[in-house]
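These notes are about the structure you will find just below.
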There are 2 protein chains.
Amino acid sequence: MAVIAPETSEETMAMRVVGALRDDIVTMALKPGDVISESDIAGRYGVSRQPVREAFIRLAQQGLLLIRPKRATVVKKISPDGVRQSRFIRESIEVEIIRRVAANPGPEANETIAGLIADQEAASASGDSRRFHTLDELFHRTLARLAGVEYAWQLIDDHKMQLDRVRYLTLGVSSSQRAIAEHKVIAAAIAKADPAAAEAAMRAHLARAELLLTQTINDFPDYFE
Amino acid sequence: MAVIAPETSEETMAMRVVGALRDDIVTMALKPGDVISESDIAGRYGVSRQPVREAFIRLAQQGLLLIRPKRATVVKKISPDGVRQSRFIRESIEVEIIRRVAANPGPEANETIAGLIADQEAASASGDSRRFHTLDELFHRTLARLAGVEYAWQLIDDHKMQLDRVRYLTLGVSSSQRAIAEHKVIAAAIAKADPAAAEAAMRAHLARAELLLTQTINDFPDYFE
DNA sequence: TTCCGCAATCTTGTATGGTAGTTTTATGAT
DNA sequence: ATCATAAAACTACCATACAAGATTGCGGAA
């Protein structure tokens with residue numbers, strides 16, 4: 001019974017509920033296949049059904065909920081094929097981004113990237129996996145910004161929620177050391193203004209997730225279609 | 001005052017309104033900058049505000065409407081930078097698709113593609129621009145299917161609405177003859193299983209739109225940010 | 001004329017009641 | 001005990017009423 005009150009008039013209750021539910025879903029507090037209802041969530045957050053309903057619509061459009069009219073609303077199970085294609089989309093865009101950045105790094109690019117990698121090493125050394133995850137995201141988003149297509153990253157971000165659910169299931173499994181090493185390879189390619197090498201490094205960096213996916217499906221079969 | 005009734009229980013009123021409004025926006029019946037209100041649209045379609053409100057939310061999430069809380073809801077003006085980045089996204093994905101198809105065409109690929117091009121030539125010859133547009137879309141979607149990432153096309157489709165509004169403004173300007181010629185180049189590259197050539201052809205095919213965009217901005221400055 | 005302030009009237013946001021359809025449960029017949 | 005049937009208890013959908021902020025326009029004062 002966590003009552004959520006809007007701080008500013010700019011943020012509506014519906015938006016609050018969206019954020020709260022999305023966090024619950026991505027962190028697996030709400031598990032794939034769980035059945036929820038407007039009244040249920042409304043009572044839980046101390047609001048009426050209306051804002052909850054609108055939150056459901058938003059989350060359904062983002063692929064996290066499945067609204068079955070007149071039947072029920074369920075947390076969508078993770079579609080392995082959907083995850084694969086989300087990754088395909090991300091890879092397609094990020095490869096294009098890394099090409100642009102490597103072809104035309106700009107003055108601030110190298111130092112910015114080096115700084116981010118240093119932060120990641122610090123986070124990894126202190127075992128702060130949450131901060132590491134944040135920095136990892138920032139690493140990729142920064143590349144998008146350097147390529148002048150920050151909006152494109154927002155698109156990736158939307159579809160990344162699907163991948164994040166898988167990632168959450170594999171917490172601790174993925175080696176942050178390895179991710180840092182791969183980031184360094186990418187940074188080196190950018191420093192040498194070598195688009196081809198940067199592209200190859202980015203592909204390798206993203207491809208590693210495929211192994212984790214099949215492994216995770218075996219570990220949590222109920223969460224997948 | 002067109003009253004819309006749901007035929008099946010699977011399709012809600014809100015979904016109907018979404019479709020009707022999206023068509024109106026893409027075809028410029030509702031122009032960028034137009035102010036609409038829930039009550040207004042509700043009265044126009046003979047439903048209550050509730051389903052209209054939900055339609056607004058969906059369309060806002062697709063980038064066609066801008067909901068200004070407590071103020072109004074307006075048809076989003078076309079963002080030139082947004083169009084450019086939507087094209088960037090589309091190009092990134094389609095290049096990756098065309099690479100895959102060209103690298104591994106599969107048995108049915110060549111004849112399917114050839115058939116589509118023949119249909120397009122027929123449509124162009126008979127001056128049926130609407131059918132030509134439909135076939136053009138089918139051409140690209142078919143490539144996505146052949147690459148095994150039809151879901152990725154759906155993503156492109158969502159963001160393509162922004163591009164479609166521009167395309168609608170340039171009806172008659174764009175030469176279907178030229179598009180067909182470019183499609184033939186792509187088909188030839190696939191037939192020769194030459195990914196590099198296919199990629200170059202696809203990039204050229206998509207790049208041509210840049211000229212049209214700047215031209216269109218000059219012709220309809222009020223519709224752009 | 002210009003500017004300030006208030007009120008009428010817009011807008012979207014939220015709450016609630018009722019409706020139609022689905023699922024579950026209970027009940028009775030076989 | 002098993003199965004068919006009906007009733008009860010859910011669900012999301014829609015309509016309506018009200019609330020709260022934003023805009024507009026009017027009127028009066030400087």
Side-chain angles (χ1 to χ4, degrees), chain A residues 1-21 25 30-77, chain B residues 1-21 25 30-77:
Chain A
M1 177 74 84
V3 176
I4 301 177
E7 291 178 359
T8 82
S9 61
E10 289 299 313
E11 190 167 34
T12 66
M13 282 291 189
M15 299 176 187
R16 291 267 166 148
V17 176
V18 167
L21 282 179
I25 293 173
L30 287 174
K31 304 184 193 313
D34 279 1
V35 176
I36 58 183
S37 78
E38 296 175 357
S39 325
D40 176 21
I41 304 298
R44 194 179 306 177
Y45 289 112
V47 298
S48 80
R49 284 163 19 224
Q50 188 60 33
V52 174
R53 174 175 176 72
E54 298 178 3
F56 278 17
I57 292 173
R58 288 183 157 92
L59 292 170
Q61 210 165 358
Q62 295 179 12
L64 291 182
L65 291 182
L66 175 64
I67 300 177
R68 304 172 56 191
K70 305 291 181 68
R71 291 173 180 80
T73 297
V74 302
V75 179
K76 249 195 163 183
K77 294 202 175 186
Chain B
M1 177 76 84
V3 177
I4 301 177
E7 291 178 358
T8 82
S9 62
E10 290 298 313
E11 189 168 33
T12 66
M13 281 291 190
M15 298 176 188
R16 293 265 168 146
V17 177
V18 167
L21 283 178
I25 294 173
L30 287 174
K31 306 186 192 314
D34 279 1
V35 176
I36 58 182
S37 78
E38 296 173 358
S39 324
D40 176 21
I41 303 298
R44 195 179 305 177
Y45 288 111
V47 298
S48 81
R49 272 183 50 210
Q50 191 59 36
V52 174
R53 176 175 175 76
E54 298 175 4
F56 278 18
I57 292 174
R58 288 184 157 91
L59 292 169
Q61 225 169 353
Q62 295 179 13
L64 292 182
L65 292 183
L66 175 64
I67 300 176
R68 306 172 56 193
K70 305 291 181 71
R71 292 172 181 81
T73 297
V74 301
V75 179
K76 252 195 161 182
K77 293 202 176 187

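Keep in mind that the numbers below use all heavy atoms, side chains included, and drop hydrogens, waters and symmetry copies. Within every chain, numbering begins at 1; the chains are lettered A, B, ... in the order of the sequence lines, protein sequences first and strands thereafter.
Pairing each heavy atom of A/Ala14 with each of A/Ala55, the nearest pair is O-CB, 3.9 Å. Considering all non-hydrogen atoms of both residues, A/Tyr45 and A/Ala20 come closest at OH-CB, 3.7 Å.
A distance-only check finds no donor-acceptor pair linking the side chain of B/Arg53 to the backbone of B/Pro51 [under 3.5 Å].
Between the CD atom of A/Glu11 and the C1' atom of D/dG21 there is a distance of 16 Å, rounded to whole Å. Taking atom CD of B/Gln50 as the reference point, atom P of D/dA17 lies 14 Å away to the nearest angstrom.
Once rounded to the nearest 0.5 Å, the distance linking CD of A/Glu38 with CZ of A/Arg49 reads 6.0 Å.
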Where do N or O atoms of nucleotides 11-13 of chain D meet protein N or O atoms at under 3.5 Å, pair by pair?
from, atom 1, to, atom 2, distance (Å)
D/dT11, OP1, A/Ser37, OG, 3.2
D/dT11, O4', A/Arg71, O, 3.3
D/dT11, O2, A/Lys70, O, 3.4
D/dA12, OP1, A/Ile36, O, 3.4
D/dA12, OP1, A/Thr73, OG1, 3.2
D/dA12, OP2, A/Glu38, N, 3.2
D/dA12, O4', A/Lys70, N, 3.4
D/dC13, OP2, A/Arg53, NH1, 2.6
D/dC13, OP2, A/Arg53, NH2, 3.1
D/dC13, O5', A/Arg53, NH2, 3.4
D/dC13, N4, A/Arg49, NH2, 2.9

**Prompt:** Step by step, would you call B/Met13 with B/Glu54 a side chain to side chain contact (heavy atoms under 4.5 Å, CB included)?
**Reply:** CA-CA 10 Å; B/Met13 281 291 190; B/Glu54 298 175 4; over 6 Å; no
